[in-house]
Amino acid sequence: MTQGFIRAAAGAALALSAALGAHAPALAQGKEIRIAHVYSRTGPLEAYGKQTQTGFLMGLDYATGGTMTVAGRKLVVIEKDDQGKPDVGKSLLAAAYGDDKADIAVGPSSSGVALALLPVAEEYKKILLVEPAVADSITGDKWNKYIFRTGRNSSQDAISNAVALDKPGTVIATLAQDYAFGRDGVKAFKDAIKKAKVVHEEYLPTTTTDFTAGAQRLIDKLKDQPGRKVIFIIWAGAGNPFKIADLDLKRYGIEIATGGNILPAMAAYKSLPGMEGATYYYFGIPKNPVNEWLVANHYKQFKTPPDFFTAGGMSAAIAVVEALKKTGGDTTTNKLIKAMEGMSFETPKGRMTFRPEDHQAMQSMYHFKIKVDPAFAWGVPELVREIKPEEMAIPIRNRK
């Protein structure tokens with residue numbers, strides 16, 4: 001082989017690599033963006049997980065105008081079933097970031113699982129957008145800078161419900177599940193109550209199906225109290241705490257109050273007309289173009305209205321797409337964090353804004369009163385009024 005031929009071949013190779021180098025940014029732009037969705041496809045919160053997944057995919061479709069691309073890069077969703085188990089969720093998120101090369105992750109359904117995932121996001125220095133897990137500690141003392149949340153937190157739930165219940169002369173006992181969601185919820189609710197009085201906290205296992213003993217303790221604490229007497233329920237997943245209404249609470253002048261829930265759980269509300277509370281979402285309440293699209297398309301695809309967590313999944317997807325649009329499709333974590341801090345975006349609930357201090361989405365909540373309508377299998381939450389983000393003094397709890 002002549003030296004001239006070798007030189008010519010080397011020159012051609014250099015020219016080829018130079019040509020490839022010139023196209024490198026375009027090739028990088030074409031690379032897919034990988035989003036891991038860790039949620040309870042099975043387990044105690046399966047209903048929540050499936051709604052979130054449906055809403056998330058619908059939200060990506062909506063936010064990308066049906067293209068499933070941002071800045072010329074295809075969005076790929078990698079689904080992981082945490083089964084509602086913290087240890088399973090933790091290993092799945094590590095695998096998503098490490099083996100699947102996920103650029104960003106969304107989820108999970110359970111607060112217990114979410115708390116196990118937070119350190120994994122910090123270890124891999126990748127964003128975890130929490131939806132719909134609620135515990136305050138997620139954006140509170142367990143938070144790190146890689147955590148954002150579109151889901152509401154316990155304080156938002158609690159403060160909006162306090163708006164409905166916090167009146168002088170009202171005496172309240174709480175009934176909640178004995179884990180992060182329930183305990184953080186009660187703590188936030190008590191912190192938000194200024195005029196009423198909380199006289200008892202009842203915590204029951206998440207697997208409870210017989211509420212008789214717990215209800216009896218609640219009745220004993222409330223029955224001799226003067227004024228308006230309320231049992232405020234914070235419950236998620238299986239079990240029906242509203243069965244306590246069968247114990248003839250009216251005999252003691254005791255009412256039940258609670259926040260919103262998924263439609264199947266709100267079937268129990270039909271026996272509680274006039275019950276007040278505050279909700280994160282009900283498909284008939286928000287009036288905006290995003291919610292109109294969601295309701296119309298959900299009816300078209302599934303012949304049912306979108307539910308509580310469908311709206312949340314859609315909000316998370318819109319947040320991801322808006323952040324990627326702001327970075328021009330760049331998935332570098334620090335650029336995404338910079339784009340997302342203080343970012344406002346339109347959701348089925350109207351405008352949300354990620355608070356820079358703890359990355360919690362500030363959002364409206366809805367004070368409702370239950371109306372019974374024979375056309376619906378559930379108690380219908382009629383809007384009393386929208387509680388805007390600026391009306392709720394949501395504490396910053398992350399000790400940043």
Side-chain angles (χ1 to χ4, degrees), residues 32-43 45-70 73-82 104-109 129-133 150-152 236-237 260-267 269 279-322 324-325 345-352 361 363-364 366 373 375-381 383:
E32 61 193 26
I33 295 170
R34 297 167 76 76
I35 306 163
H37 187 198
V38 182
Y39 68 99
S40 292
R41 190 161 39 199
T42 59
L45 300 182
E46 178 184 322
Y48 299 2
K50 286 181 172 173
Q51 287 179 20
T52 309
Q53 184 252 1
T54 296
F56 189 69
L57 295 178
M58 289 182 79
L60 291 178
D61 180 47
Y62 173 84
T64 63
T67 66
M68 285 297 280
T69 61
V70 176
R73 298 182 67 182
K74 185 169 175 53
L75 303 181
V76 175
V77 180
I78 304 155
E79 294 189 2
K80 305 275 187 186
D81 177 15
D82 62 39
I104 189 168
V106 175
S109 312
L129 176 59
V130 176
E131 174 66 53
T150 44
R152 87 283 188 201
N261 210 321
I262 60 172
L263 299 177
M266 284 167 56
Y269 294 14
T279 190
Y280 166 80
Y281 176 81
Y282 176 72
F283 73 93
I285 290 179
K287 308 294 180 203
N288 63 67
V290 187
N291 194 45
E292 282 166 21
W293 184 96
L294 173 60
V295 173
N297 282 273
H298 200 278
Y299 265 114
K300 195 166 154 189
Q301 283 185 52
F302 303 103
K303 311 290 183 276
T304 58
D307 212 338
F308 208 78
F309 297 107
T310 324
M314 186 175 187
S315 300
I318 291 168
V320 168
V321 172
E322 287 305 309
L324 289 167
K325 282 178 179 173
F345 48 102
E346 298 301 327
T347 78
K349 296 183 60 182
R351 176 161 291 201
M352 288 189 189
Q363 55 194 284
S364 288
Y366 308 101
D373 183 334
F376 294 99
W378 51 84
V380 175
L383 182 66

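Please read all numbers here as calculations on a predicted model, not as lab measurements. One-based numbering along the sequence shown.
Counting heavy atoms from C-beta on, the side chains of V76 and I35 never come closer than 4.5 Å. At least one side-chain heavy atom of V380 sits less than 4.5 Å from a side-chain heavy atom of Y282. Within the 4.5 Å cutoff, the side chain of M352 has no heavy atoms near those of the E346 side chain. The side-chain heavy atoms of T69 and T64, taken from C-beta on, include no pair separated by under 4.5 Å. K50 has its side chain out of reach of F309: every pair of non-hydrogen atoms, C-beta onward, lies at least 4.5 Å apart. By the 4.5 Å heavy-atom criterion applied to side chains, L263 and P305 are counted as neighbours. Within the 4.5 Å cutoff, the side chain of V77 has heavy atoms near those of the F56 side chain. For the pair P306/P348, no side-chain contact is recorded, criterion being any heavy-atom separation below 4.5 Å from C-beta on.
Between atom CG of residue D307 and atom NE2 of residue H298 there is a gap of 8.0 Å, rounded to the nearest 0.5 Å. The line from OG1 of T42 to CG of D82 is 8.0 Å long, rounded to the nearest 0.5 Å. Note that NE2 of H37 is 5.5 Å distant from OG1 of T52, once rounded to the nearest 0.5 Å. The CZ atom of R73 sits 9.0 Å away from atom CD of E32, with the distance rounded to the nearest 0.5 Å. The distance from the CD1 atom of I285 to the OG atom of S364 is 11.0 Å, given to the nearest 0.5 Å.
Closest approach of L129 to A316, counting heavy atoms only: CD2-O, 3.5 Å. Here the shortest heavy-atom pairing between K303 and K300 reads NZ-O, 3.2 Å. When every heavy atom of V130 is checked against every heavy atom of A133, the shortest pair comes out as CG1-O, 3.7 Å. Heavy atoms only, all atoms of each residue included: M58 and W293 are closest at O-CH2, 3.5 Å.
No donor-acceptor distance shorter than 3.5 angstrom exists from the side chain of S109 to the backbone of Y48, with no hydrogens or angles considered. Judged by distance alone, the side chain of N291 and the main-chain N or O of P286 form a donor-acceptor pair under 3.5 Å. At least one donor-acceptor pair under 3.5 Å links the side chain of T347 to the backbone N or O of G350.
None of V290, V321, V320, I318 except one satisfies the side-chain contact (heavy atoms from CB on, under 4.5 Å) rule with F345; the exception is I318. Applying the side-chain hydrogen bond (donor to acceptor under 3.5 Å, both in side chains) test between T150 and each of Q363, E131, K349 identifies E131 as the sole match.
Side-chain atoms of N297 and Y62 form no donor-acceptor pair, as typed in the model, at a separation below 3.5 Å.
Taking the six-membered ring for Trp and the full ring otherwise, the centers of Y281 and F308 sit at least 6.0 Å from each other.
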Which is it for I33 and L324 under the side chain to side chain contact (heavy atoms under 4.5 Å, CB included) test, yes or no, and what are the steps along the way? CA-CA 9 Å; I33 295 170; L324 289 167; 4.1 Å; yes
Please walk me through it: do T54 and F302 pass side chain to side chain contact (heavy atoms under 4.5 Å, CB included)? CA-CA 10 Å; T54 296; F302 303 103; 3.6 Å; yes
Worked verdict on E79 versus R41 for salt bridge (charged side-chain N to carboxylate O under 4.0 Å, His left out): CA-CA 9 Å; E79 294 189 2; R41 190 161 39 199; 3.2 Å; yes
